[in-house]
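Okay, so here's the structure we're looking at.
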Amino acid sequence: MKFMKLGSKPDSFQTDGGYISVYVRFVASELATDMVVNVGDVKFYLHKFPLLSKSARLQKLVAATNDANGDEIHIQDIPGGPAAFEVCAKFCYGMTVTLNAYNVVAARCAAEYLEMYETAEKGNLIYKIDVFLNSSIFRSWKDSIIVLQTTKSLLPWSEELKVVSHCLDSIASKASIDTSKVEWSYTYNRKKIASENGNSPQWNDARKPQMVPKDWWVEDLCELPIDLYKRVIATIKTKGRVSGDVIGEALNAYTLRRLPGFSKGVNQNIDFVKYRSLVETIVWLLPTEKGVVSCSFLLRLLRAAIFLDCGETERNELMRRIAQQLPEATMNDLLIRAPPGEATVFDVDIVQNLVEGFVTHSSQTEPVDNEFLGSRSPKFGPDASKVLVAKLIDCYLAEIAQDPNFPLSKFVNLGETIASFSRPSHDGLYRAIDMYLKEHPGISKSERKRICKLMDCRKLSAEACMHAVQNERLPLRVVVQVLFFEQVRPTASAENSTSDLPGSIRALLPGGSHGSSRSTTTNTEEDWDSVPTADDIKALKGELATLRLGSNDSGNEAAKSEVEKVAASRMKGLVMSKIFSKLWSSKERHGEISSSDTSDSHGSVNAEETKSTPSRSRRHSLS
């Protein structure tokens, strides 16, 4: 720390403890004091000559006193108070005074108040302090920050004397300098990469010169209060030599330091007004460039802004920025607690708005958004950002599906928002749907059908299919779709739609986008949406496996066409009769249908099995 010593005489100021109501300071001297200066609650007993020779203001005050008051004057509004006045008085006596970054601004403002100009005496205090500030303080990185901090309690004097502006310019200039020219000390506690520390193996034990990181100045500025910090960052941005990502890192570091619980959740017992102003200021300072501030930091800012009830302008700005960078987010980032009084645990509406904002932004920009690819998704091609968002929302839905109060309508709305995003796998979405069905067993058949419509069974992996065909929470329609597509996967390209499949096979698929068999009298929507039993699933899986074996054995196109017809007949006999007869038998046990209906259905099964026996022999003969 820089300092300056003035005067050479020993300090002879002493305190008189004989007074109770006031604090008395006096100069120990053989000469009796001839004036009294009251500064705040301190009474100074001094000599006129040394003070009046250097202070034009004291000259005026002494001249204005009348005989009744003697030579006692009152100074209540001097900047810096009694301590600053004493520094000026010691300088007048020629006593040793040490000025440093902590007291120099107070002394400068007090000297200005006392009018200690060169016109009163050459080499006066104002001149000496200005030389010290310009030659030492403003050239020091840490001293400039300390001085800037002291100016806040000395307003408006420090502002009018341009001490604040000089500090701002000094700090901003040093923060903007080329890192190779940084030769002063700074605080840096973040980890550096091996090459920056000189520990990289490529240097063969030769110590690499210490590298100065681009954000070397970030931590030291965290000591500033938010109003001064705002002015420093604004000045740095005005100079235009610091990149937006470094500005973003500075804002992140400052918020972590200054906002209690920012990294894990804002503390409940804080000064809302104070910290609301802090968050709003940080939002105002965010760089305009897209992507230079991490999406995780923006989402934590949004969480804090909601909790602190920040203005709508700030919240909308954060929502806009986050929507543009949504592919960078993680699932935990999106878990924003719902406001008090809400039935759900998390605020899903915010995530819904973010996804809608991302969709709007994607439609207005180029389809390829390489800034979000990185190492996370090099294989997804031009729609990488949409794939990332779809996977993100799949994970988010799986997490919030565990909330027993989470309404199905919001689950479906969020799922439909990303339905147009082409992604290679629906395993994540299946997991979310299964989690919701597990946690909400009381939903109706129509609701099960609605939520399962979000999923494309053709995009399930083999592992997901294996789980789905044994999942008794899924409607029969979905189980049939999964089993069917799993069986035809080796013979039908995954890219082909169901319209490319043979008509006889396509007619077997249950309703929805993959076809319909509603023309069959026994195949009602209610039956398709029923939940199958484990025996139903086992039987259907076995029959489909038999069909697949027969299809693989066919050796030419004519035989293949014939097998398709046989497969269609066999599937129809199975799906329309055997499975439904099991379902109806199950319903009969629960009193849902009459015994006569059950008998008819069993008869139908026997008849179908009898009719299918020649077909089975014929299919094997084709091989």
Are Pro287 and Leu251 close enough that some pair of their side-chain heavy atoms sits under 4.5 Å apart?
yes

Indicate whether any N or O donor in one side chain lies under 3.5 Å from an N or O acceptor in the other, for Gln352 and Asn413.
no

Quick check: does any side chain N or O of Arg258 sit under 3.5 Å from a backbone N or O of Cys222, one acting as donor and the other as acceptor?
yes

Work out which heavy atom in Ala250 is nearest to a heavy atom in Val218; give both atom names and the distance.
CA-CG1, 3.6 Å

Check Lys214 against Thr179 and note the closest heavy-atom contact, atom names and distance.
CA-CG2, 4.1 Å

If you define the side chain from C-beta out and look only at heavy atoms, does anything of Ile350 sit under 4.5 Å from Met319?
yes

Measuring from Phe346:CZ to Gln402:CD, what's the distance to the nearest 0.5 Å?
9.0 Å

Is a side-chain donor or acceptor of Glu280 paired with a backbone partner of Cys310 at a separation under 3.5 angstrom?
no

Side chain to side chain donor-acceptor pair (under 3.5 Å) between Thr330 and Asn332: does it pass, once the steps are laid out?
CA-CA 5 Å; Thr330 65; Asn332 288 331; 5.4 Å; no

Answer yes or no: is there a donor N or O on one side and an acceptor on the other, between the side chain of Gln470 and the main chain of Met466, under 3.5 Å?
yes

Value rounded to 0.5 Å, distance of CZ in Phe421 from OG in Ser385:
8.0 Å

Taking all non-hydrogen atoms of both residues into account, name the closest pair between Ala390 and Arg423 and its distance.
CB-CD, 3.2 Å

Roughly how far apart are Leu301 CG and Glu317 CD, rounded to 0.5 Å?
11.0 Å

Measure the shortest side-chain to side-chain distance between Val246 and Trp216 over non-hydrogen atoms and say whether it is less than 4.5 angstrom.
no

dist Leu221:CG -> Ile236:CD1 (nearest 0.5 Å) comes out at 5.5 Å

How would you list, by chain and number, every residue that makes a salt bridge (Lys or Arg N to Asp or Glu O under 4.0 Å) with Arg431, sequence neighbours excluded?
none

Would you call Pro327 and Leu392 a side-chain contact if the rule is heavy atoms closer than 4.5 Å?
no

For the pair Ser446 and Ser444, evaluate side chain to side chain donor-acceptor pair (under 3.5 Å) and give the outcome as yes or no after the intermediate values.
CA-CA 5 Å; Ser446 61; Ser444 64; 3.0 Å; yes

In Å, rounded to the nearest 0.5 Å, how long is the span from CD1 of Ile433 to NZ of Lys453?
12.5 Å

Residues Asp434, Asn471; criterion side chain to side chain contact (heavy atoms under 4.5 Å, CB included); working and verdict:
CA-CA 9 Å; Asp434 181 52; Asn471 192 342; 2.6 Å; yes

Where the side chain of Glu314 meets the backbone of Val279, is there a donor-acceptor pair that is under 3.5 Å apart?
no

Check step by step if side chain to side chain contact (heavy atoms under 4.5 Å, CB included) holds for Leu474 and Cys452.
CA-CA 8 Å; Leu474 296 176; Cys452 289; 4.1 Å; yes

How about Phe297 and Ile282: do any of their side-chain heavy atoms sit closer than 4.5 Å?
yes

Test Ile400 against Tyr436 for side chain to side chain contact (heavy atoms under 4.5 Å, CB included), laying out the working first.
CA-CA 9 Å; Ile400 62 176; Tyr436 191 90; over 6 Å; no

Kindly say whether Arg337 contributes a backbone atom to a donor-acceptor pair with the side chain of Arg303 at under 3.5 angstrom?
no

Less than 3.5 Å apart, any donor N or O on the side chain of Ser461 or Asp427 sitting next to an acceptor on the other?
yes

Check the pair Tyr254 / Leu285 against side chain to side chain contact (heavy atoms under 4.5 Å, CB included), numbers first and verdict last.
CA-CA 12 Å; Tyr254 186 86; Leu285 289 172; over 6 Å; no

Find out whether Arg448 and Val478 are in side-chain contact, i.e. whether some heavy atom of one side chain is under 4.5 Å from a heavy atom of the other.
no

Side chains of residues 404-411: which donor-acceptor partners sit under 3.5 Å, not counting sequence neighbours?
{"from": "Asn405", "atom 1": "ND2", "to": "Ala343", "atom 2": "O", "distance (Å)": "3.2"}
{"from": "Lys410", "atom 1": "NZ", "to": "Asp349", "atom 2": "OD1", "distance (Å)": "3.4"}

Hey, mind stepping through His426 and Tyr430 against ring-ring contact (aromatic ring centres under 6.0 Å, His included) and telling me if it holds?
CA-CA 6 Å; His426 274 209; Tyr430 166 69; over 10 Å; no

Flag the pair Lys459 / Ser422 as yes when at least one side-chain heavy-atom distance between them is below 4.5 Å, and no otherwise.
yes

Side-chain touch Arg315/Asp309, heavy atoms, less than 4.5 angstrom:
yes

For a quick test of reading the model, state the closest non-hydrogen atom pair linking Arg321 to Leu286 and the distance between them.
NH2-O, 3.5 Å

Using the side-chain hydrogen bond (donor to acceptor under 3.5 Å, both in side chains) definition, which of the options Lys290, Arg320, Glu356, Gln325 pairs with His361?
Lys290

Is it the case that the side chain of Asp403 and the backbone of Val345 share a donor-acceptor pair, with hydrogens and angles ignored and the cut-off at 3.5 Å?
yes

Minimal heavy-atom distance between Ala329 and Cys295, with the atoms involved, is CB-SG, 3.8 Å

Shortest non-hydrogen contact between Ile393 and Val351, atoms and distance:
CD1-CG1, 4.1 Å

Rounding to 0.5 Å, atoms CG (Leu354) and CD1 (Ile336) come to a distance of 6.5 Å

